[in-house]
Undergrad: 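Would you mind keeping the following structure in view while I ask a few things?
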Amino acid sequence: AVIRRVLATSPPQAVGTLGAGTFNRRHIAESQEGRTLANLDWNLFLAINHLAGQSIWLDRVGIFLAADAFALFAVLLLALWFLPATTEWRRTRERYVVNAVVALAGALLTAHLISLLFYRARPFVAHAVTPLISHATDSSFPSDHTAFAFVLIVALWHVLGRTRWLWLALAIAIGLARVFVGVHYPSDVLAGAALGAVWGALALAVAPWLERVSSPVLERMARWRLA
């Protein structure tokens, strides 16, 4: 019946009517897809956050991972910089640490800019969620902690040796813990992980250029240590 009514109109009107119908259908489909993704994000949040408050020990582990465990990556940077090694291996580690710190700064700056441009209320602000840790009501998207962990994992991957998988597991655990304690949605964590991975990969890609810039400084520091 709709098609007959459209064909009964003048050609320009028919084309306009069909175009409007196509646009409306596309808009409805995109709206439904957006709601589906939002529902999936919320259901995943509930599945993880529902575990909070079930065990005091699980809560303590989750709070540590969400609030304090990222400091272990700072310890990792210091260990790679200061632990004894052969001269060649030590300089290699130092170059990777410099690259990782540059990438970390870029990732955190990018995350901050995104949070300013695209505000998203945190779960405990938008819903009846009680967080396990105190947190500001700033934008939830993306997760800075997850970006912090993943940028270092990727940027330092080649110097972590057999421990790289443990560090990757820790980074994933930090992301999940941020959902567990009620301060992020799963999509915030995924975005933070992706952002960190991109900046880490970028640091590896421009490593030769960064090495040319940082090598004179590292050589002077090496002579200072030997003096």
Side-chain angles (χ1 to χ4, degrees), residues 37 41 44-45 64-83 89-120 122 135-136 138-181 183-218 221:
L37 292 175
D41 196 26
L44 286 174
F45 171 84
F64 169 76
L65 289 171
D68 302 316
F70 77 97
L72 295 175
F73 286 92
V75 175
L76 172 63
L77 290 174
L78 293 174
L80 290 174
W81 188 270
F82 289 108
L83 283 181
W89 180 236
R90 184 167 188 168
R91 289 183 178 178
T92 298
R93 290 189 324 199
E94 289 174 348
R95 288 195 297 270
Y96 273 91
V97 168
V98 171
N99 294 350
V101 171
V102 172
L104 175 61
L108 294 181
L109 177 60
T110 303
H112 180 65
L113 292 176
I114 292 174
S115 69
L116 293 178
L117 294 174
F118 304 100
Y119 176 81
R120 185 186 194 186
R122 293 184 181 272
H135 202 288
D138 55 346
S139 179
S140 175
F141 184 88
S143 169
D144 291 343
H145 284 70
T146 312
F148 185 104
F150 273 84
V151 67
L152 294 182
I153 285 291
V154 175
L156 298 173
W157 188 259
H158 297 301
V159 293
L160 293 178
R162 296 178 180 178
T163 66
R164 59 171 65 105
W165 299 107
L166 294 176
W167 288 104
L168 178 59
L170 177 61
I172 295 173
I174 289 174
L176 291 174
R178 300 292 290 178
V179 180
F180 174 82
V181 300
V183 297
H184 278 296
Y185 298 97
S187 57
D188 301 334
V189 171
L190 289 176
L195 177 63
V198 167
W199 270 98
L202 181 62
L204 294 176
V206 300
W209 179 82
L210 288 176
E211 182 178 345
R212 288 195 297 270
V213 173
S214 62
S215 286
V217 177
L218 294 177
M221 292 179 66

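FYI, side chains are in, hydrogens and waters are out, and symmetry mates aren't considered; it's all heavy atoms of this structure. The structure displayed is predicted, hence computed values, not measured ones.
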Undergrad: For residues H112 and S115, report the shortest heavy-atom separation together with the two atoms involved.
TA: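 Looking at all heavy atoms of both residues, the closest pair is O-OG, 2.6 Å.
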Undergrad: If I take atom CD1 from residue I114 and atom CG from residue D144, how far apart are they, to the nearest 0.5 angstrom?
TA: 9.5 Å
Undergrad: CZ of F82 to CZ of R90: how many Å apart, nearest 0.5 Å?
TA: 8.0 Å
Undergrad: Starting at CH2 of W81, measure out to CG of L76 and round the result to the nearest 0.5 Å.
TA: 13.5 Å
Undergrad: Quick one, H158 with L204, criterion side-chain contact (heavy atoms from CB on, under 4.5 Å). Give me CA distance, side-chain angles, the key distance, then yes/no.
TA: CA-CA 10 Å; H158 297 301; L204 294 176; 4.2 Å; yes
Undergrad: Would you give the length of the straight line joining atom OG1 of T146 to atom CG of L190, rounded to the nearest 0.5 angstrom?
TA: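 Reported value, rounded in 0.5 Å steps: 9.0 Å.
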Undergrad: What is the minimum heavy-atom distance between G175 and V189, and which atoms define it?
TA: O-CG2, 3.2 Å
Undergrad: At their closest point, which heavy atom of D138 faces which heavy atom of Y119, and how far apart are they?
TA: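 Shortest heavy-atom separation between D138 and Y119 comes out as C-CE1, 3.8 Å.
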Undergrad: Could you check whether the rings of F70 and H145 sit parallel, tilted or perpendicular, using 30° and 60° as the cut-offs?
TA: perpendicular
Undergrad: Please evaluate residues L44 and V179 with respect to the criterion side-chain contact (heavy atoms from CB on, under 4.5 Å), reporting the C-alpha separation (whole Å), side-chain torsions for both, the decisive distance (0.1 Å), and the verdict.
TA: CA-CA 9 Å; L44 286 174; V179 180; over 6 Å; no
Undergrad: Please report the closest heavy-atom contact between I174 and L65, naming both atoms and the distance.
TA: CG1-O, 3.6 Å
Undergrad: Report the C-alpha distance between L166 and L170 in whole Å, list the side-chain angles of each, state the deciding distance to 0.1 Å, and finish with yes or no for side-chain contact (heavy atoms from CB on, under 4.5 Å).
TA: CA-CA 6 Å; L166 294 176; L170 177 61; over 6 Å; no
Undergrad: Applying side-chain contact (heavy atoms from CB on, under 4.5 Å), run through F45 and D41 and close with a yes or a no.
TA: CA-CA 6 Å; F45 171 84; D41 196 26; 5.7 Å; no
Undergrad: To the nearest 0.5 Å, how far apart are CG in L113 and CG in L108?
TA: 11.0 Å
Undergrad: May I ask you to check whether F73 and W167 place their ring centers less than 6.0 Å from one another?
TA: yes
Undergrad: Using a 3.5 Å distance criterion without hydrogens, assess whether the side chain of R120 forms a donor-acceptor pair with backbone atoms of S140.
TA: no
Undergrad: Using only atom types and a distance under 3.5 Å, with no angle test, would you say the side chain of R122 pairs donor to acceptor with the backbone of H184?
TA: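 No: the side chain of R122 does not pair with the backbone of H184.
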Undergrad: Where is the tightest heavy-atom contact between W199 and A107, given as atom of each residue plus distance?
TA: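 What the structure gives for the nearest pair is CD1-CA, 3.5 Å.
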Undergrad: Using a strict cut-off of less than 4.0 Å between a Lys/Arg side-chain nitrogen and an Asp/Glu carboxylate oxygen, indicate whether D188 and R178 qualify as a salt bridge.
TA: no
Undergrad: Kindly indicate whether the side chain of R93, heavy atoms from C-beta on, has any atom under 4.5 Å from the side chain of L83.
TA: yes
Undergrad: Tell me every residue that passes ring pair (Phe, Tyr, Trp, His ring centres under 6.0 Å) with F141, counting only those two or more places apart in sequence or in another chain.
TA: none
Undergrad: About how many Å separate CD1 of I153 and CH2 of W165, when rounded to the nearest 0.5 Å?
TA: 10.0 Å
Undergrad: Where is the tightest heavy-atom contact between T110 and L195, given as atom of each residue plus distance?
TA: CG2-CD1, 3.7 Å
